[in-house]
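Keep in mind that this is a model prediction, so the values were computed, not measured.
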Amino acid sequence: MGFDEGRDIRELVREYYGEVLQGSDDLKTDACCCTSHTPPKYVLDVMNEIDDEIMAHFYGCGSPIPPALEGATVLDLGCGTGRDVYICSKLVGPSGRVIGVDMTEQQLAFARQHEAAQMARFGFERSNVEFHCGFIEDLAALGIADESVDVVISNCVINLSPFKDQVFKEICRVLKPGGELYFSDIFSDRRVPPKFYDDPVLRGECLSGALYIEDFRRILAKHGIAAFYDVETEPLHVGDFQIETKLGCIGFASHTVRAVKCDGLEDREENYGQTATYLGTLPENARYFDLTEDVRLIKGRPVAVSGNMAALLRTSRYAPHFTVTGDTAHHVGAYDYGSAQEALELRRGKRHFGLADLEQACDDLGIEPFAERVHDKELLRSAPNLTTMQVNVGYGCNLACSHCFLESGPARTEVMERATMEAVLAAFETGGFRTLDITGGSPEMNPHLEWFVREAAARADKVIVRSNLTILDDPAYRHFMQVYADNKVHLVTSLPYFNEQGCDLQRGRQVFDRVIKVLRKLNALGYGVNPDLVIDVAYNVSGPFLPPDQRELEEFYAFELEREQHVKFNNLYAFNNYALGRFAHQLKHEGKFDFYLDLLSENYNAAVVARMMCRTQVNVDFDGRLYDCEVNHVLGLPLDGPSTIHDLVDKPLDVRTIATNPICYSCAAGCGSSCGGSLMEKYGE
């Protein structure tokens with residue numbers, strides 16, 4: 001449709017708004033005054049200063065007046081009788097400027113006759129508003145230059161134009177880089193048939209010209225703005241029998257939309273792990289800022305934002321009021337506010353992900369409880385003779401590795417006391433255990449570890465210490481290398497990759513070099529060389545997948561590490577990781593948490609259940625409490641029987657029912673997984 005073809009429609013609109021309507025009470029539907037949302041306080045405060053006659057002649061479907069307008073140049077398209085022009089006049093202040101454009105001279109005359117009185121009410125020495133009679137499709141004819149406007153607003157007017165493509169082309173032309181389009185209008189959920197275009201009531205009531213929301217997206221992108229956001233939406237109830245009958249199944253809604261002219265925006269919202277924090281410096285609202293109808297930024301609280309949102313906040317006039325972190329180097333999939341914010345809160349420790357969350361996630365995915373998946377229920381009970389006592393001597397650690405489901409780190413202060421260690425040793429002998437498996441954190445950070453290792457070595461067939469090795473490069477802990485060698489301690493260390501890049505990504509900068517440095521020293525002491533001094537490395541998956549075959553991985557690691565780093569080890573353990581702690585947080589961040597739970601369930605291997613470590617061991621937490629395994633003490637699932645290690649000093653454990661949970665699928669997936677690595681070499685074993 002060309003400009004000439006649109007004149008009849010314009011005349012219909014002029015007549016409807018200039019002659020038929022004498023006030024908002026004359027509207028047949030609530031389309032043009034449909035919103036029930038209360039305008040923001042900063043707008044309401046100014047409304048109290050607007051002449052009652054202007055307020056009575058307002059036709060609009062929202063409150064398209066954004067904050068942070070002081071000193072801005074604002075363009076109001078289809079300004080009508082001037083209500084929003086005058087509200088913006090007060091908000092931009094004497095140093096700002098407001099331009100009102102409308103094609104209906106009667107309404108502009110009404111607006112102009114109130115200009116002097118409104119400026120006096122505001123206390124302005126001179127007017128900061130100007131009104132132009134003309135078409136919103138041809139702003140150049142009104143002298144509005146390229147990139148001269150900070151904010152374009154419009155209140156239920158663009159739908160009246162028969163040339164919407166031209167309207168948005170003009171908007172994008174006059175906006176400055178970083179300028180904002182903020183408008184309210186009526187949108188439809190499908191294209192309105194052309195036969196309704198020239199209906200004077202449907203056109204005047206903002207219905208036949210309603211823009212299909214997807215066509216709006218396409219037009220805006222065509223002219224250089226690839227993204228927009230709904231700030232408010234409200235379904236429209238027409239309420240007129242004749243009009244509803246004409247329209248049939250077409251649905252309408254009022255949308256208040258925000259879009260910013262910004263280079264580099266994508267046509268969909270993508271997640272790069274970025275955050276935005278509102279500084280509380282907008283005078284209109286110091287407590288929060290509503291970026292979209294879903295994304296509210298409360299002062300001082302980081303919020304997960306999409307790449308487009310981060311660019312918008314950095315580019316626009318809002319930039320001084322926000323701290324935006326991150327870049328677009330690491331893409332983690334499509335942006336979903338709820339999921340992204342949950343992942344952020346988990347990473348920041350503002351939300352705990354526990355057993356109830358896991359069970360709900362499995363229920364949502366249709367994953368049956370692990371105990372129901374196991375057909376031989378006798379396998380859900382412990383073996384008569386336990387062989388391993390695993391002891392967590394503290395959560396303090398010099399590292400904070402991304403794979404750590406215990407969330408150990410430098411800030412953790414939990415530590416096993418010596419009296420508890422003494423009870424562990426006594427219970428170890430009473431129960432006839434053979435292996436004492438010492439873990440943490442960094443076990444070396446427990447001040448009683450050296451004593452504990454020597455006492456354990458005198459009682460156990462095997463003493464295992466799970467060390468990250470990097471701590472042994474610290475002068476305060478280097479002596480433990482000799483302590484371990486003297487007591488023939490079996491060492492196990494995490495080495496998620498055989499080179500610096502892969503290892504440090506999971507465990508932190510320079511960790512690989514430090515591990516290799518200590519490994520060389522341990523090799524010199526006989527570890528990896530002397531059959532009595534065993535050092536094993538553990539491969540933890542760093543993402544939502546199962547580990548490669550353990551034997552093949554061990555051969556590959558041995559070859560690469562000896563060739564490139566000149567170090568030796570004995571065995572490699574390949575672990576499935578647990579969807580807990582930092583690893584769960586990372587999966588949430590990457591949008592792969594549900595995928596990983598499904599993967600584990602789908603790869604359930606009934607053949608490995610009989611070999612799961614919980615059947616032959618007991619786990620002792622730093623405070624002496626007893627659990628089937630480390631996972632159960634993270635989830636707060638106590639042992640079926642005695643509650644603390646002190647209960648086992650004089651009496652061994654009886655056969656017990658093992659407390660199962662969704663994480664059990666990690667131990668039973670693929671070739672199985674335990675603290676000693678895979679539970680079978682191959683599926684066909």
Side-chain angles (χ1 to χ4, degrees), residues 35 37-47 50 58 60-79 83-93 95-100 128-129 148-158 168 171-172 174-185 220 225 227-234 254-262 265 276 278-299 303 305 308-322 324:
T35 185
H37 291 112
T38 302
K41 185 177 183 301
Y42 63 88
V43 173
L44 287 173
D45 288 345
V46 180
M47 282 183 178
I50 304 298
F58 165 70
C61 65
S63 181
I65 301 177
L69 292 181
E70 186 174 359
T73 296
V74 177
L75 171 62
D76 183 1
L77 301 182
C79 64
R83 189 202 75 163
D84 289 349
V85 167
Y86 288 123
I87 292 173
C88 290
S89 168
K90 179 63 181 290
L91 294 173
V92 301
S95 63
R97 176 188 179 206
V98 186
I99 307 166
N128 63 354
V129 305
S148 61
V149 174
D150 296 294
V151 179
V152 173
I153 67 170
S154 180
N155 205 329
C156 208
V157 169
I158 295 176
F168 290 111
I171 289 171
C172 294
V174 302
L175 275 176
K176 298 176 182 177
E180 180 178 30
L181 168 62
Y182 193 92
F183 76 107
S184 294
D185 221 313
L220 207 60
I225 299 180
F228 71 91
Y229 303 100
D230 284 321
V231 181
E232 286 182 355
T233 59
E234 186 171 355
S254 165
H255 292 242
T256 298
V257 172
R258 163 178 282 127
V260 169
K261 184 177 178 179
C262 177
L265 296 182
Y278 176 45
L279 303 178
T281 50
L282 286 170
E284 296 90 346
N285 198 337
R287 295 185 298 110
Y288 63 86
F289 175 82
D290 287 333
L291 179 60
T292 76
E293 62 182 341
D294 298 316
V295 181
R296 168 168 286 186
L297 293 100
I298 297 174
K299 178 183 176 181
V303 171
V305 294
N308 285 345
M309 293 174 184
L312 179 157
L313 292 173
R314 282 173 167 155
T315 304
S316 68
R317 70 187 187 286
Y318 299 117
H321 305 286
F322 292 86
V324 180

Query raised in the report: Quick one: does N308's side chain have a donor or acceptor within less than 3.5 Å of a partner on L265's backbone?
Result: no

Requested in this report: Keeping the roles fixed (side chain from D150, backbone from T73), state whether a donor-acceptor pair exists under 3.5 Å.
Outcome: yes

Requested in this report: Show the numbers, then the answer: is there a side-chain contact (heavy atoms from CB on, under 4.5 Å) between M47 and I87?
Outcome: CA-CA 7 Å; M47 282 183 178; I87 292 173; 3.9 Å; yes

Report task. Measure up the F289 and Y278 rings against each other and bin them: parallel (under 30°), tilted (30 to 60°), perpendicular (over 60°). Result -> tilted

Query raised in the report: Within a radius of less than 6.0 Å around NZ of K176, do more than 12 heavy atoms belonging to other residues, nucleotides or ligands occur?
Result: yes

Query raised in the report: P67 versus L91: any side-chain heavy-atom pair under 4.5 Å?
Result: no

Query raised in the report: Any sub-3.5 Å donor-acceptor pair from D185's side-chain atoms to I158's backbone N or O?
Result: yes

Requested in this report: Search all heavy atoms of P66 against all heavy atoms of Y182 and return the closest pair with its distance.
Outcome: CD-CD2, 3.6 Å

Query raised in the report: What is the minimum heavy-atom distance between P39 and L44, and which atoms define it?
Result: O-CD1, 3.4 Å

Report task. Examine distances only and state if a side-chain atom of R317 and a backbone atom of A68 form a donor-acceptor pair shorter than 3.5 Å. Result -> yes

Query - Flag side-chain contact, heavy atom, 4.5 Å: L77 against F183 - result: no

Requested in this report: Scan D84, T256, V257 and name whichever one has a side chain to side chain contact (heavy atoms under 4.5 Å, CB included) with S184.
Outcome: T256

Query raised in the report: Are the side chains of V92 and V151 in touch, meaning some heavy atoms are under 4.5 Å apart?
Result: no

Requested in this report: Check whether any side-chain heavy atom of L181 sits under 4.5 Å from a side-chain heavy atom of F168, and report yes or no.
Outcome: yes

Query raised in the report: Has the side chain of K261 got a donor or acceptor atom that lies under 3.5 Å from a matching backbone atom of C172?
Result: yes

